[in-house]
Amino acid sequence: MSASDCLFCKIIAGDIPSTVVYQNDTVYCFRDINPQSRVHVLVVPREHHEDARELAGDPKLLAEVLLAGAEVARVEGIDESGYRFVFNTGDDACRTVFHAHLHVLGGEQLAGFGR
Ligand code: AMP
Ligand code: ZN
């Protein structure tokens with residue numbers, strides 16, 4: 001998929017509305033439209049990368065995504081109570097959007113991990 005067809009590139013460009021939680025020169029962080037917990041924010045690098053593996057090709061950018069996730073947790077007031085970082089990759093993980101993104105989940109007791 002090219003960047004011009006990409007949902008998250010369109011959200012970052014402001015062509016599709018979103019509720020921003022935190023942003024800087026590198027990332028844009030907004031509320032997930034179908035939240036899986038009380039706090040569910042997506043941390044999206046402004047640069048289009050297909051997935052987490054491709055993102056890891058730029059370790060500095062990957063670190064900035066993780067630091068932004070921690071900043072989102074602080075802004076949302078869940079840094080003390082705890083939160084989960086998730087990168088979905090491939091069909092078994094129900095991946096739907098092919099612009100690398102980190103899910104930040106929390107704000108309540110999360111369910112166990114896996115199935
Ligand atoms: P993934 O399944 O890991 O690719 O995650 C994609 C996420 O994007 C899902 O949790 C969707 O609910 C979310 N999503 C899809 N469209 C939008 C949108 N327009 N605004 C905010 N979140 C969205
Ligand atoms: Zn994109």
Side-chain angles (χ1 to χ4, degrees):
M1 176 189 290
S2 77
S4 60
D5 297 328
C6 171
L7 173 66
F8 285 176
C9 281
K10 287 179 183 161
I11 287 177
I12 290 164
D15 296 339
I16 293 175
S18 63
T19 305
V20 66
V21 170
Y22 171 75
Q23 60 180 314
N24 61 28
D25 289 347
T26 311
V27 298
Y28 185 76
C29 310
F30 55 96
R31 295 200 190 286
D32 196 292
I33 204 168
N34 182 23
Q36 302 300 307
S37 52
R38 279 197 194 116
V39 174
H40 187 174
V41 176
L42 302 173
V43 177
V44 184
R46 291 183 184 277
E47 221 174 76
H48 181 93
H49 291 272
E50 184 89 359
D51 57 21
R53 179 188 287 248
E54 194 186 301
L55 192 59
D58 185 344
K60 184 168 177 292
L61 179 56
L62 177 60
E64 290 193 53
V65 168
L66 296 176
L67 284 170
E71 183 59 14
V72 164
R74 194 189 66 75
V75 168
E76 291 291 291
I78 59 168
D79 50 335
E80 296 290 327
S81 51
Y83 52 90
R84 184 174 288 162
F85 282 173
V86 174
F87 281 107
N88 289 323
T89 306
D91 291 344
D92 280 357
C94 307
R95 177 91 189 280
T96 56
V97 177
F98 294 87
H99 178 136
H101 54 279
L102 172 69
H103 296 255
V104 181
L105 299 146
E108 62 185 312
Q109 180 66 57
L110 299 177
F113 210 60
R115 277 183 200 144

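All residue numbers refer to positions in the sequence shown, counting from 1. Because the structure is predicted, anything quoted here is derived from the model rather than measured. Counting convention: from 1, in listed order, for ligands and their atoms alike.
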Inset, instruction - Check whether any N or O atom of His40, backbone or side chain, sits under 3.5 Å from an N or O atom of ligand 1, and answer yes or no. - result: no
Inset, instruction - Angle at the Zn ion (ligand 2): provide the value between SG of Cys9 and ND1 of His48, rounding to 10 degrees. - result: 110°
Inset, instruction - Record the part of Arg31 in heavy-atom contact with ligand 1 below 4.0 Å; permitted values are side chain, backbone, both and neither. - result: backbone
Inset, instruction - Under 4.0 Å from a heavy atom of Val97: give me the atoms of ligand 1 that qualify, with their elements. - result: 4 (O), 6 (C)
Inset, instruction - Flag Ile11 as yes when one of its N or O atoms lies below 3.5 Å from any N or O atom of ligand 1, and as no otherwise. - result: no
Inset, instruction - Answer side chain, backbone, both or neither: which part of Phe98 comes under 4.0 Å from ligand 1, heavy atoms only. - result: neither
Legend entry - Option set Thr19, Asn34, Thr96, criterion heavy-atom distance to atom 2 (O) of ligand 1, minimum: Thr96
Inset, instruction - Could you tell me whether Phe8 approaches ligand 1 through its side chain, its backbone, both or neither, with non-hydrogen atoms closer than 4.0 Å? - result: side chain
Inset, instruction - Give the atom name of whichever N/O/S atom in His99 sits closest to the Zn ion (ligand 2). - result: ND1
Inset, instruction - Of the side chain and backbone of Ala93, name the one, both, or neither that has a heavy atom under 4.0 Å from an atom of ligand 1. - result: neither
Legend entry - Closest protein heavy atom to atom 21 (C) of ligand 1, given as residue, atom name and distance to 0.1 Å: Ile33 N, 3.3 Å
Inset, instruction - Would you indicate which of Leu42, Leu105, Asp32 comes nearest to atom 10 (O) of ligand 1 when only heavy atoms are counted? - result: Asp32
Inset, instruction - Under 4.0 Å from a heavy atom of Leu7: give me the atoms of ligand 1 that qualify, with their elements. - result: 15 (C), 16 (N)
